[in-house]
Amino acid sequence: MINRTIHIDYEEYSSAEEMIPQDRELVAAAMEAMKGSYSPYSKFQVGAALRLEDGTIVKGANQENVAYPAGLCAERTAMFAAGANYPDTPFDTLAIVGADHWVVCESPASPCGSCRQVMAEYQKKQGKPFRIILVGSKKIRKFFRVDDLLPLIFDSLKA
Ligand code: THU
């Protein structure tokens, strides 16, 4: 038996002001995207902004349904919209922001397991990593590959 450790590198910022201009712009776009949240059940709003490699920004927001499982998370609405409308343009960076009753959470909202698996699929499709920025009002985390949010990714049906 061997004990092994999985190491996750990420950057932490106390505000978007500390970030490079491109990231700051994407954080602002995620905040803007949140306005499209339809969240009458959870009252939890999530916005996502996905920058593609050519600079296009695709926005998404959580969409709920009275039959709960029929709803969809913000980051998946953005990724699926990008996948459907720009199938050949790789993802560069995905920013996600969560709010409780329209007040941005102090600590960044963390994507659910299904969204991480969808990120993994697009990363696999494009053959190179993309960045993920999780935004809170007091803390922002920046990851450099999906693997850092989903270690030991399931990405192959082969042994
Ligand atoms: N939600 C997202 O949109 N993204 C996440 O990363 C976590 C959760 C949504 C789903 C649901 O509409 C609400 O937040 C509460 O779970």
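Whatever order the structure lists ligands and atoms in, that order sets their numbers, starting from 1. In this chain, residues are counted from 1 in sequence order.
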Margin query: With a 4.0 Å cut-off on N to O distance, would you call K43 and D100 a salt bridge?
Written below: no
Next item on the list: Say whether C112 and ligand 1 are in contact under the criterion: heavy-atom distance to a ligand atom below 4.0 Å.
Entry: yes
Notebook entry, point to check: Out of curiosity, L26 CG to R131 CZ, how far, rounded to the nearest 0.5 Å?
Noted result: 10.0 Å
Checklist line | Under-4.0 Å heavy-atom contact between protein and atom 16 (O) of ligand 1 | finding: no
Next item on the list: Among all protein heavy atoms, pick out the one at the shortest distance from atom 10 (C) of ligand 1; state its residue, atom name and that distance to 0.1 Å.
Entry: C73 SG, 4.0 Å
Notebook entry, point to check: Which protein heavy atom lies closest to atom 3 (O) of ligand 1, and at what distance to 0.1 Å?
Noted result: A74 N, 2.8 Å
Margin query: Give me the residue, atom name and distance of the protein heavy atom closest to atom 4 (N) of ligand 1.
Written below: E75 OE1, 2.9 Å
Check: At a 4.0 Å threshold, what atoms of ligand 1 neighbour a non-hydrogen atom of S42?
Finding: 13 (C), 15 (C)
Note to self: Would you call the rings of F91 and F130 parallel, tilted or perpendicular, taking 30° and 60° as the class edges?
What the structure shows: perpendicular
Note to self: Can you name the atoms of ligand 1, numbered from 1 with element, that are less than 4.0 Å from a heavy atom of V46?
What the structure shows: 1 (N), 2 (C), 3 (O), 4 (N), 9 (C), 14 (O)
Next item on the list: Verify whether one side chain among Q45 and S39 offers a donor that lies under 3.5 Å from an acceptor in the other.
Entry: yes
Check: With a 4.0 Å cut-off on heavy atoms, is G98 touching ligand 1?
Finding: no
Item checked: No-hydrogen, no-angle side-chain donor-acceptor test under 3.5 Å, E64 and S42 -> yes
Check: Among protein heavy atoms, which lies nearest atom 9 (C) of ligand 1, and at what distance?
Finding: N62 ND2, 3.7 Å
Check: Does P111 come within less than 4.0 Å of ligand 1, judged by its heavy atoms?
Finding: yes
Next item on the list: Considering heavy atoms of the protein only, find what lies nearest to atom 12 (O) of ligand 1 and give residue, atom and distance to 0.1 Å.
Entry: E64 OE2, 2.5 Å
Item checked: Identity of the nearest option to atom 7 (C) of ligand 1, non-hydrogen atoms only, from S39, A109, S110, G113 -> S110
Next item on the list: Using only heavy-atom distances, determine whether the side chains of R141 and S107 contain a donor-acceptor pair under 3.5 Å.
Entry: no
Note to self: I'd like to know if the side chain of T77 and the backbone of A61 have a donor-acceptor N/O pair within less than 3.5 Å.
What the structure shows: yes
Check: So, R51 side chain and E25 main chain: donor-acceptor pair closer than 3.5 Å or not?
Finding: no
